[in-house]
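All remarks here apply to the structure that follows.
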Amino acid sequence: MAGKVIIAGMGPGDPAQVPPAVLEALRGVDKIYLRTARHPAVAALEERGLQWETFDSYYDQADDFEELYQQIVTTLLQEARDKELAYVVPGHPMVAERSVTLLLEAAPAAGVDTRVIPAMSCLDALYTTLHLDPTRGLTVTDALTLTVDGLDPGLGLIVTQVYNQRIASDTKLTLMGLYPDEYPVTVVRGAGLPGEEQVATVPLYAIDRLPWIDHLTSIYLPPYPGGRDRTLAGLKDIMARLRGEGGCPWDREQSHQSLKRYLVEETYEVLEAIDSGDMHKLCEELGDLLLQVVFHARLAEETGDFTLADCLENICAKMRRRHPHVFGTVILNTAGEVLARWDKIKAAEKKSSGEGEPSVLSVPRGLPALMKALKIQEQAARVGFDWNDVTGVWAKVEEELEELRDAVASEKHQKQAAEMGDVLFALVNLARWLGVEPEAALQATVAKFMQRFQYIERRARQKGLDIEGLSLAEMDALWEEAKKIKENNS
């Protein structure tokens, strides 16, 4: 005989709301299990003389709720091998009941049949208490798995299973990442329970201070349109408004080509903020860069080419595909192994897309030359085309410098330019071997030069002179002053 589990709901709490179909089904089973007996609707089972066991003791044994629910499912499937059991839960079996979801997923493999008998859910009672129409837009989530990622604060939010003050505290701290601390939250305990229902509207920061919070508690946050400014969807809406009828004339005139310069500028402003170590500035500049991404995606959406969602889907798929050591079964132990695998996957992608035979060397054409040199040297090195040690790199630098001297002596400009490029390429290679980022090093040197030269300008003005009025010797002396000032301050 195949085992069977009848999964039944008791409704939100009022014993009178336990469905007759549930009570009838419970009379014909071999054994009844309650997820918890701490629920007012259990009185309806007591009135009919039904006997049961509960999983209340499991709550003390498990380290977390996921482990608890797994233990419940394991017990039910073991017991149901040659019996017909009933598993009874508060509310509706398919609403905020993780244990039921796990049971339905595991039952077929265990050879156990299941049947679900519905009941009124806690949500139905909450809709009545709060006078809510969920069809107007509403998000429902579980306090035990709550995250603000993906939440749309422009919709109302119900958080169920706020079991106690500790969970209420965790819930408020999570929600404060999206809502103001003072945002009004309606806390409801025992929704629909005659004589026992409690409702209070308090600031978000105070929800865990209510002494009557228990396993029958849920919270509701009304729509907060201003919170959409903290979401990608909010920025997307703003861009749509700017590009739409009655929007901004400048934004409406832009194209992918016209925006190229701003994408480059914003990227370098992000780099400048990183170098400055100013996290407030970095936050601002990353927002500016993100705007450029959303702007281009909006232009593409208007022409039917792709959407922002397509961009997100593509990059998520690419990250999983190129990290088989994280999302698959491949084992990679070092950063070098990861990069080598990345290049192989990238080459295979290009080949499969019809871009021809892939090359180990792959860099964007518009990349600045210094960065491009470093990148292709790294790519070549990953397949073994590299010096055995830094001695060879030093020798190459000296060789290229000597060839540059010869080219200068020949007074052939084209040859001089070619040899200068070779010297720069060799120096980038030396920087790579020394673990120095050449772009960052050169940027730092340029900044240092500017600071010292501007010191010379200030000192000239203090003397009532233009910088052109200083001799080279005077400028050199002031340059040395600037160096000493920097050394003394460092």
Side-chain angles (χ1 to χ4, degrees), residues 263-264 267-268 270-275 289 314-407 414-448:
L263 182 59
V264 173
T267 300
Y268 277 101
V270 168
L271 297 178
E272 183 179 342
I274 291 173
D275 289 340
L289 184 58
N314 286 340
I315 191 58
C316 287
K318 181 185 292 185
M319 287 298 98
R320 292 191 181 94
R321 190 169 61 246
R322 294 190 182 178
H323 291 83
H325 53 293
V326 177
F327 301 103
T329 58
V330 174
I331 298 175
L332 301 174
N333 298 314
T334 68
E337 291 174 348
V338 170
L339 290 174
R341 182 80 182 199
W342 178 285
D343 286 341
K344 288 181 180 179
I345 295 172
K346 187 175 180 180
E349 291 170 353
K350 288 193 172 185
K351 186 174 182 179
S352 65
S353 66
E355 295 185 33
E357 288 298 321
S359 170
V360 168
L361 306 181
S362 175
V363 293
R365 287 193 300 272
L367 202 64
L370 205 60
M371 297 172 66
K372 185 183 293 186
L374 176 63
K375 191 170 182 66
I376 65 171
Q377 289 171 5
E378 290 173 338
Q379 291 171 344
R382 285 201 284 271
V383 296
F385 191 73
D386 202 3
W387 302 99
N388 292 325
D389 56 52
V390 74
T391 304
V393 185
W394 276 112
K396 187 64 177 175
V397 170
E398 292 164 357
E399 174 190 327
E400 297 298 350
L401 281 170
E402 187 60 35
E403 291 180 2
L404 176 59
R405 292 188 187 97
D406 292 342
Q414 187 173 357
K415 180 68 173 172
Q416 293 170 4
E419 295 301 338
M420 179 62 76
D422 290 347
V423 169
L424 293 173
F425 192 84
L427 288 172
V428 169
N429 205 17
L430 178 60
R432 178 177 66 87
W433 268 87
L434 298 177
V436 173
E437 169 60 53
E439 178 71 24
L442 186 55
Q443 289 282 8
T445 295
V446 171
K448 180 170 60 178

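Considering every non-hydrogen atom in both V423 and E400, the closest pair reads CG2-O, 3.4 Å. The shortest non-hydrogen separation linking W387 to W433 is O-CZ2, 3.1 Å. Taking both residues in full, the closest heavy atoms of M319 and H323 are given as O-ND1, 2.7 Å, listed atom of the first, atom of the second, then distance. Closest non-hydrogen pair, V338 versus L332, comes out as CA-CD1, 4.0 Å. Taking each heavy atom of A426 and V393 in turn, the nearest pair found is O-CG1, 4.5 Å.
Between the CZ atom of R382 and the NZ atom of K344 there is a distance of 11.5 Å, given to the nearest 0.5 Å. With rounding to the nearest 0.5 Å, the separation of CD1 in I315 from CZ in R322 is 7.5 Å. Considering CG of D406 and CG of L401, their distance stands at 11.0 Å, rounded to 0.5 Å. Going from atom CD1 of I376 over to atom CD of Q379 covers 7.5 Å, rounded to the nearest 0.5 Å. Residue Y268 holds its OH atom at 11.5 Å from CG of D275, rounded to the nearest 0.5 Å. With rounding to the nearest 0.5 angstrom, the CE atom of M371 is 6.0 Å from the CD atom of E439.
Within 6.0 Å of CD1 on I331 lie no more than 12 heavy atoms contributed by other residues, nucleotides or ligands. The neighbour count for D389 CG, taken as heavy atoms of other residues, nucleotides or ligands under 6.0 Å away, is above 12. Around the CD atom of E272, the shell of radius 6.0 Å holds no more than 12 heavy atoms that belong to other residues, nucleotides or ligands. The environment of CZ in F327 is crowded: more than 12 heavy-atom neighbours from other residues, nucleotides or ligands sit within 6.0 Å.
Among V428, L427, L424, the single residue meeting the side chain to side chain contact (heavy atoms under 4.5 Å, CB included) criterion with L370 is V428.
K396 places none of its side-chain heavy atoms less than 4.5 Å from the side chain of E398. Between D422 and E399 there is no side-chain heavy-atom pair separated by less than 4.5 Å.
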Exercise. Passes salt bridge (Lys or Arg N to Asp or Glu O under 4.0 Å), K375 versus E378? Steps please.
Worked result: CA-CA 5 Å; K375 191 170 182 66; E378 290 173 338; 5.8 Å; no
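Remark: the backbone N or O of N429 is paired with a side-chain donor or acceptor of Q377 at under 3.5 angstrom.
The pair R341-E337 fails the salt-bridge criterion, with no side-chain N (NZ, NE, NH1 or NH2) lying under 4.0 Å from an Asp/Glu carboxylate O.
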